[in-house]
Amino acid sequence: MSRDGSRPGRGGRGSGDAVPCTPAPLTDAQGRTIAYLRLALTDRCNFRCGYCSPAEHEAPGHLLGRAEVVRLAGIFGALGVRRIRLTGGEPTLRSDLVALVRELHATPGISEVALTTNGHRLAELAGPLRAAGLESLNVSVDTLDPERLHLISGRSASLPEVLAGLDAAADAGFPHLKVNTVVLGGVNDDELARIVRHAWDRGASPRFIELMPFGGGVPVPTADVKRRLAEQGLRLVPDGKRGWGPAHYLREEGSDPPRHVGFIGAMTENFCEGCNRARVAADGGFQACLGGDVRTNLRDLLRAGATDAEVEAEVRRALGLKGARHRMDEAGGPLVLLPMMGIGG
Ligand code: SAM
């Protein structure tokens, strides 16, 4: 919505206006354009993975309601945000998820609605989510071994359901389907090539994420992940493919069509220079950076009756304080404001 409550134009002139009415795109203190919003729909999760670290759950009334999410999407869409990724917590625990995706898909300015999930409810939800307009789906699969998944998730997760969810996602025909794996030293680093092949066989693009310091676990640097993939028989060569985010990609040698593996080296390969994103946490906190200290609560603003222009001003103020890089690798301990489950990974 625009500040008077009407739908914004897409960059043209309003009827009779002498000047363009498009607001300036969102930029942060470093001049980076913000076109990508990650929005945590809940801080609850049915899995208990140690590295994600359990959040103090917000009572449901403190989470953003559906109308609030849609209003925020409209405000951000009018300011140049083109892509929204729904995350959490586990976003499929929200009973209004499919309806929300449908509304976000119809929001002016938003060209892509994406979702990150543990896959547990995908067998039933993949088809309805695709039909509602979801374009991009990331499924988290850290292991293909049921016992290891029990170990990683404190016995809360069940592998057959996750894999059935991934199969349903493959059948639903998402334009972008990815498998996200956090590499945990001594836990899953001996099965990385197997995970890659499992993803490729389902038309999904696998990506390996370096462990960030939100909970327990032994990080494996991206350079070592690449070495282990080679030891496990994968021949990967450089490739220029880039996505919306910080992943860089290698390609399987000789593959045609090309099969890629993505790497997100948040700790050893800092990519903050190209940051294009901001986050809204489950409690409505606008967080300029996943590992930074600039935070302001948009839910409270909305509930206090703020206009769209006031929300926009607060977002611009927070982005104006965003640092040049995250502070998760700071000497003396990482700066982490909330568990990953609350901010949304
Ligand atoms: N519940 C959903 C899921 O499992 O995908 C969405 C939320 S989860 C926080 C999003 C992503 O963040 C997952 O791929 C998860 O593996 C990743 N993640 C969580 N904690 C992490 C950490 N400490 N370091 C790196 N990635 C992490």
Side-chain angles (χ1 to χ4, degrees), residues 38-55 57 63 84-94 97 114-122 125-126 129 134 136-143 148-149 152-154 156-159 161-163 165-166 169 177-185 187-189 192 195 199 204-222 225 243 245-247 262-271 277 279-282 287 290-291 326 328-329 334-345:
R38 296 179 70 103
L39 200 150
L41 289 180
T42 176
D43 62 353
R44 289 176 184 273
C45 190
N46 45 345
F47 291 6
R48 288 278 169 278
C49 306
Y51 59 71
C52 206
S53 139
H57 289 306
L63 300 175
I84 293 188
R85 176 168 295 280
L86 302 174
T87 178
E90 176 46 41
T92 62
L93 296 183
R94 284 272 300 232
L97 179 65
L115 178 81
T116 299
T117 172
N118 62 29
H120 192 257
R121 293 200 61 218
L122 270 186
L125 283 176
L129 284 169
L134 192 78
S136 168
L137 183 62
N138 290 1
V139 185
S140 302
V141 181
D142 288 344
T143 177
R148 287 182 179 183
L149 188 59
I152 292 167
S153 70
S156 57
S158 147
L159 189 65
E161 270 138 359
V162 172
L163 296 185
L166 179 61
L177 178 63
K178 297 183 208 114
V179 166
N180 281 341
T181 302
V182 176
V183 185
L184 301 160
V187 177
N188 64 355
D189 51 344
L192 306 181
I195 293 172
S205 192
R207 301 189 314 168
F208 293 108
I209 305 175
E210 268 180 12
L211 185 68
M212 293 179 269
F214 287 86
V218 177
V220 181
T222 289
V225 172
F263 301 89
I264 303 180
M267 304 306 292
T268 64
E269 299 180 347
N270 187 284
F271 39 66
R277 62 191 55 195
R279 294 163 195 268
V280 175
Q287 202 157 319
L290 176 62
H326 72 67
M328 291 188 286
D329 48 5
L335 179 98
V336 173
L337 294 182
L338 273 186
M340 186 70 116
M341 273 169 72
I343 308 172

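Indexing begins at 1, ligand by ligand and atom by atom, following the structure's order. Just so it is clear, the structure is predicted and the values come from calculations on it, not from any experiment. Just so you know, residue 1 is the first one in the sequence shown, and it goes up from there.
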Are the side chains of [X] and [Y] in touch, meaning some heavy atoms are under 4.5 Å apart?
X: Phe214; Y: Leu290; result: yes
X: Leu137; Y: Leu122; result: yes
X: Thr116; Y: Arg38; result: yes
X: Thr181; Y: Ile209; result: no
X: Ser205; Y: Val179; result: no

Counting each atom of ligand 1 from 1 as listed, which ones have a heavy atom of [X] under 4.0 Å away?
X: Cys52; value: 9 (C), 19 (C), 20 (N)
X: Thr87; value: 6 (C), 7 (C)
X: Gly89; value: 1 (N), 2 (C), 6 (C), 7 (C)
X: Gly88; value: 7 (C), 9 (C)

Tell me which part of Val139 gets within contact of ligand 1: side chain, backbone, both or neither, using heavy atoms under 4.0 Å.
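Neither part.
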Ligand 1 versus Val182, non-hydrogen atoms closer than 4.0 Å: side chain, backbone, both, neither?
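Val182 to ligand 1: side-chain contact only, backbone stays beyond 4.0 Å.
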Using a plain distance cutoff, I'd like to know if [X] has any nitrogen or oxygen under 3.5 Å from a nitrogen or oxygen of ligand 1.
X: Thr116; answer: no
X: Pro213; answer: no
X: Asp142; answer: no

Ignoring hydrogens, just give me the one of His120, Glu210, Met267 whose non-hydrogen atom is nearest atom 25 (C) of ligand 1.
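Of the listed residues, Glu210 has the closest heavy atom.
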Identify which of Gly50, Cys49, Ser140 has a heavy atom lying nearest to atom 4 (O) of ligand 1.
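Among Gly50, Cys49, Ser140, the closest heavy atom to atom 4 (O) of ligand 1 belongs to Ser140.
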Classify the ring geometry between Phe208 and Phe263 as parallel (under 30°), tilted (30 to 60°) or perpendicular (over 60°).
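Ring orientation of Phe208 relative to Phe263: tilted.
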Closest approach of Ala282 and Asp43, non-hydrogen atoms and distance?
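That closest heavy-atom pairing would be CB-N, 3.5 Å.
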Please determine, by modelled atom types, if Thr222 and Glu210 share a side-chain donor-acceptor pair under 3.5 angstrom.
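Yes.
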